[in-house]
Protein chains: 2
Amino acid sequence: MQRATKQRQAIAQAIGQAARPLLPQEILTDAQAAVPHLNLATVYRNLNLLVEEKRVTPVHIPGQATRFEISGHHHHHFHCKACDRVFDIHACSNAISKLAPKDFQVEDHEVILYGRCPSCTPSSHRT
Amino acid sequence: MQRATKQRQAIAQAIGQAARPLLPQEILTDAQAAVPHLNLATVYRNLNLLVEEKRVTPVHIPGQATRFEISGHHHHHFHCKACDRVFDIHACSNAISKLAPKDFQVEDHEVILYGRCPSCTPSSHRT
DNA sequence: ATATGTGCAAAGCATTTGCGGAGAT
DNA sequence: ATCTCCGCAAATGCTTTGCACATAT
């Protein structure tokens, strides 16, 4: 059976309160506000549990450490090349799974968009 | 200036002759047919050079080591959950870059399809 | 000759694991 | 009391790096 430890709660809460996918390191820092001696290994262990339970979803960005976010409905991600943050994109085209030849059985897909997020866009209308 | 060493040639050739993205380890093994004492570090060094020159493209599959393939025109990838191999999908929908809200400047995108490749599909028509 | 490239071994990261002790039930 | 969980440190797997020697130009 699963126990309710304060570190587990702090970790879940840190992820839950974030508006975007967080790195284990970020989760550690956030959760340490509640549990100062919290260890990174504990963060990873709980992250793995949460992912198994499907309460949390890993977000993989090439060349970067894995981030984690609360599981929600199917969506994709945007990686800002300037500030290096990752944002959720709540949209999905059904054209995507149709890209493969018919002898490939597509069960799932992942899309990553790259570019500049609103805060990193040189405001062109400001001359 | 860049030199033409036999290890460099062997590495480039190994990638060029592959029909699919290869792992550094696979490249090492293949290239060792030509240069027996070839070292993994050398493979990585040359891979990085080739990627910088854009002659080779890294292919990232979540939770897996990075694979490499010859740069070609824009395409995507299919990861077979059964045999763990990665295949090129030479198709792309222009709907993809339109998924983000307009205040996000999309410059590039990446798509990974997951499922079963033709050789790993349980032939349903065989009852 | 000389600067670049290589092999080898060690260092770096992100992530996992073993272990003895702490805490939830 | 018991069994799960935690902290810590060591281990792992992929990738990079420092250094002394080799080699392409």
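Here is the naming used below: chain letters follow the sequence lines, and residue numbers restart at 1 for every chain.
One can place CZ of Phe68(B) at 13 Å from P of dC14(D), the figure rounded to the nearest angstrom. What separates NE2 of His37(A) from C1' of dA22(C) is a distance of 14 Å, to the nearest Å. Rounded to an integer number of Å, the gap from Gln25(B) CD to dC14(D) C1' is 10 Å. Going from atom CG of Leu40(B) over to atom P of dA9(C) covers 13 Å, rounded to whole Å. Between the P atom of dT16(D) and the CD atom of Glu52(B) lies a distance of 11 Å, rounded to the nearest Å. Computed from coordinates, the Glu26(B) CD to dC14(D) P distance equals 12 Å when rounded to whole Å. Regarding Gln64(B), its CD atom lies at a distance of 16 Å from the C1' atom of dA14(C), rounded to whole Å. The interatomic distance linking Leu28(A) (CG) with dA14(C) (C1') rounds to 13 Å, in whole Å.
Of the inter-residue distances, the one linking Gln105(A) atom CD with Phe78(B) atom CZ reads 8.0 Å to the nearest 0.5 angstrom. Interatomic distance, CD of Gln17(B) versus CG of Asp30(B), reported as 8.5 Å (0.5 Å rounding). Of the inter-residue distances, the one linking Glu110(A) atom CD with Glu110(B) atom CD reads 9.0 Å to the nearest 0.5 angstrom.
The stretch residues 41-49 of chain A touches DNA chain C through Ala41(A), Tyr44(A), Arg45(A), Asn48(A), each having a heavy atom within less than 4.0 Å of the strand.
Arg8(B) places no side-chain N or O within donor-acceptor distance of the main-chain N or O of Asn46(B), the cut-off being under 3.5 Å.
Place Lys6(B) and Lys6(A) on DNA chain C by their nearest nucleotides, and Lys6(B) ends up nearer the 5' end. Along DNA chain D, the nucleotide closest to Gln7(A) and the one closest to Ala4(B) are compared, and the more 5′ of them pairs with Gln7(A).
Using a 4.5 Å heavy-atom threshold, the side chains of His76(A) and Ile112(A) count as separate.
A close approach under 4.0 Å does not occur between any side-chain nitrogen or oxygen of Asn39(B) and OP1 or OP2 of dT6(C). Side-chain nitrogen and oxygen atoms of Arg8(A) include at least one within less than 4.0 Å of the OP1 or OP2 phosphate oxygen of dC6(D).
Among the nucleotides dC6(D), dG7(C), dC14(D), the one closest to the side chain of Val35(B) is dG7(C). Nearest to the side chain of Thr5(A), among dA24(C), dC14(D), dA24(D), sits dA24(C).
Among Arg20(B), Arg85(B), Arg67(B), the single residue meeting the salt bridge (Lys or Arg N to Asp or Glu O under 4.0 Å) criterion with Glu26(B) is Arg20(B).
Using a 30° and 60° split on the angle between ring planes, His75(B) and His77(B) fall in the perpendicular class, above 60°.
With hydrogens and angles left out, the side chain of Arg3(B) and the base of dT25(D) share no donor-acceptor pair within 3.5 Å.
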